[in-house]
Protein chains: 2
Amino acid sequence: MDIMTPPHSPETDRFERISPLPAYQLVAEAIEREIVSGHIPPGEPIGTEADLVKQFGVNRSTVREGIRCLEQSGLIRRESSRRLVASLPRQGKLATRVSRALILHQVTFRELYEAIDMLERSAIELAVAHRTDDDLQAIARNLERTRDALSEPIRLAELDTEFHSLVAVATGNRVLQLAREPASLLIYTATQPIFEHVPEAAPRLLAAHEKLYDALVRRDVEDARAWMRRHVADFGKGFLRTGRTLDDPVDRIPFDSIFQTRGTS
Amino acid sequence: MDIMTPPHSPETDRFERISPLPAYQLVAEAIEREIVSGHIPPGEPIGTEADLVKQFGVNRSTVREGIRCLEQSGLIRRESSRRLVASLPRQGKLATRVSRALILHQVTFRELYEAIDMLERSAIELAVAHRTDDDLQAIARNLERTRDALSEPIRLAELDTEFHSLVAVATGNRVLQLAREPASLLIYTATQPIFEHVPEAAPRLLAAHEKLYDALVRRDVEDARAWMRRHVADFGKGFLRTGRTLDDPVDRIPFDSIFQTRGTS
DNA sequence: ATTGATCCGTTTGTCCGACAAACCGACTAT
DNA sequence: ATAGTCGGTTTGTCGGACAAACGGATCAAT
């Protein structure tokens, strides 16, 4: 992994960039600038392809290629396949992208486990500080459903994921939410087999979630962090009991459940 | 922010997706599958446009639109503007995207500050556990350069960013690296003014970095976390002294330093 | 009057064919 | 061996074209 190059290194580039970018990129950048600068607020319609052809004075094919780029980057979205509107990149899509990248880079379960340990303890700490009553209610409902699903591995895995997402929402911190989401997506695929192989996993999960809920109610940071650590450690132990080892790369088996970048959205 | 919908909810979708996706998306997905499944390893060339036209039996325009999508998502890269090759999405590009999204969603400095506090303490903790001698050397070199740049705000901001990136690299954990990078990019823009407005900021930064380095050398987790907390707190105080408040949204002033999604790469 | 069906212009997705410029590799001359 | 030339290849862009889907308006029916 290379280190991020600082945004601008004054010595290295003595001349202006000499490559006139292809027109479709110029189109994309022009529209992009209008959106990120706020001139086109989210929800506002971009013109039709014909409009853009007129405005930019380029061919329709060129406009279309530019649009594809923006569409892919999430800055424009289509309502009803007809209306192209400016849009804020959806966090779910971004997280999905990042997850996929992590898989392709073959990160190990150890990395995933360690990161989640850190991220989830951070999340619960901030959630303790910022949770509202609404957050608590949402989590309580999740606990309710979890109690009813103790014998359904698939449902349990979903509810576990949801629990941690709700905790993240309770932080009121979108930076941390977006930071932890990719890891959360990745671990989902490893969760379900645990409930199938390890009988005590389900009740332990419920117990931990309840303790975490309690800590959130009482705003007890230490307790919250401690239980989250145990909860994540439980996952680690359970994971090992499913026969895999921590140094395996996060694999590419569950593609279809992860790679829903296109589709319903 | 809405809650992440679980990867697959069995009740909701009873029928197959009925909309035959546009051909260019099918092209994109087909190639995407070949890449993520590993059939086309990174670096391997995709065919020319003419090849793809033949293989998919669609028009060249359609192929091109599909290619634009993949290019944008980072699964395809071009060597020499001629050769299209499969590629692993670069973490820098992903992080840039996420940063941009956070700006567009107008996250506040408070969110950014809290998240960084958590993420950086996590990073330093993992770095203490996993750092190699090479990591230490790289950080030592960064300290050296920092000592020489105490009176140059721009350079200091760059070196600070680099320091924390190096710590992240020292974790050996790419999940955490990718989780913290977007926040790191965002804070870079807020760092430089601090060195201009707050005289003691530079020496305090250096002192903190040196203490953190020490803690890494001695593998002292508690010390490392404590100093990181102080270091981040320093940033917070310095930030307030530049006249802004924590509840301002992270603003869109420094576009050009952030939005380098296209260009040199 | 509200509901339902029909019609027409618009917009998108796709195709075809074409051309200039840039690129690549081979070939030639020094 | 190096430099320069040349021709085929590939990309970027263009113009035009058409079917299908969509949206809105008009008209018919309850």
Side-chain angles (χ1 to χ4, degrees), chain A residues 15-32 35 40 43-87 261-265, chain B residues 15-32 35 40 43-87 261-265:
Chain A
F15 295 104
E16 286 297 309
R17 170 133 273 82
I18 191 65
S19 68
L21 293 176
Y24 70 89
Q25 283 191 24
L26 294 178
V27 168
E29 286 185 13
I31 300 176
E32 171 178 333
I35 295 177
I40 305 180
E44 181 109 336
I46 311 295
T48 71
E49 291 178 4
D51 290 338
L52 298 174
V53 165
K54 261 182 291 183
Q55 292 184 42
F56 288 109
V58 297
N59 190 274
R60 182 154 157 250
S61 310
T62 307
V63 166
R64 284 175 64 84
E65 289 186 36
I67 287 178
R68 292 293 161 263
C69 296
L70 293 175
E71 218 168 357
Q72 201 63 14
S73 75
L75 282 175
I76 65 183
R77 172 173 40 93
R78 39 198 346 123
E79 305 180 335
S80 75
S81 84
R82 213 60 173 254
R83 253 168 102 77
L84 271 180
V85 301
S87 162
T261 74
R262 280 174 281 273
T264 19
S265 87
Chain B
F15 295 104
E16 286 297 309
R17 168 134 275 79
I18 191 62
S19 67
L21 292 175
Y24 70 90
Q25 284 192 23
L26 295 178
V27 168
E29 286 185 13
I31 300 176
E32 172 179 331
I35 294 177
I40 306 181
E44 180 109 338
I46 310 296
T48 72
E49 293 177 3
D51 290 339
L52 298 175
V53 165
K54 261 182 290 185
Q55 292 184 42
F56 288 108
V58 297
N59 189 274
R60 182 155 155 250
S61 310
T62 307
V63 167
R64 283 173 65 84
E65 289 187 35
I67 287 178
R68 291 294 160 260
C69 295
L70 293 175
E71 218 167 358
Q72 199 65 14
S73 76
L75 284 175
I76 281 185
R77 174 173 38 95
R78 35 195 352 122
E79 306 181 334
S80 78
S81 82
R82 214 58 174 257
R83 257 169 99 77
L84 271 179
V85 301
S87 161
T261 74
R262 280 175 280 273
T264 19
S265 89

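All chains are named by letter (A, B, ...) in the order of the sequence lines, taking the proteins before the strands, and each is independently numbered beginning at 1.
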Distance in angstrom units between B:Glu71 CD and D:dG12 C1', rounded: 12 Å
Interatomic distance, B:Arg83 atom CZ to B:Thr48 atom OG1 [nearest 0.5 angstrom]: 12.0 Å
Atom of B:Ile35, atom of B:Leu75 and distance for their closest heavy-atom approach: CD1-O, 3.5 Å
Gap between atoms CG and P, on A:Leu84 and C:dT12 respectively (whole Å): 7 Å
Residue pair B:Val53 / B:Asn59: nearest heavy atoms and the distance that separates them: CG2-C, 4.1 Å
Min side-chain heavy-atom separation B:Leu84-B:Ile67 under 4.5 Å: yes
Minimum-distance pair of heavy atoms, taken over all atoms of A:Ile31 and A:Phe56: CG1-CZ, 3.9 Å
C:dC15 OP1/OP2 closer than 4.0 Å to side-chain N/O of B:Arg64: no
Interatomic spacing from CD1 in A:Ile76 to CD in A:Glu32 - rounded to 0.5 Å: 10.5 Å
Presence of B:Asn59 side-chain N/O under 4.0 Å of C:dT14 phosphate oxygens OP1/OP2: no
B:Arg78 side chain, from C-beta outward: closest of C:dT14, C:dG13, D:dG12: D:dG12
Those residues of residues 43-55 of chain A lying under 4.0 Å from DNA chain D by at least one heavy atom: none
Salt-bridge present (B:Glu65, B:Arg68; N to O < 4.0 Å): no
Nearest heavy atoms of A:Arg77 and A:Ser87, plus distance in Å: NE-OG, 3.3 Å
Touch class at under 4.0 angstrom, heavy-atom based, for A:Arg83 against every strand present: nothing
Separation of D:dG12 C1' from A:Gln25 CD (nearest whole Å): 11 Å
Contact letters for nucleotides 18-25 of chain D, in which S counts primed atoms plus P, OP1 and OP2 and B counts the base, heavy atoms under 4.0 Å: ---BBS--
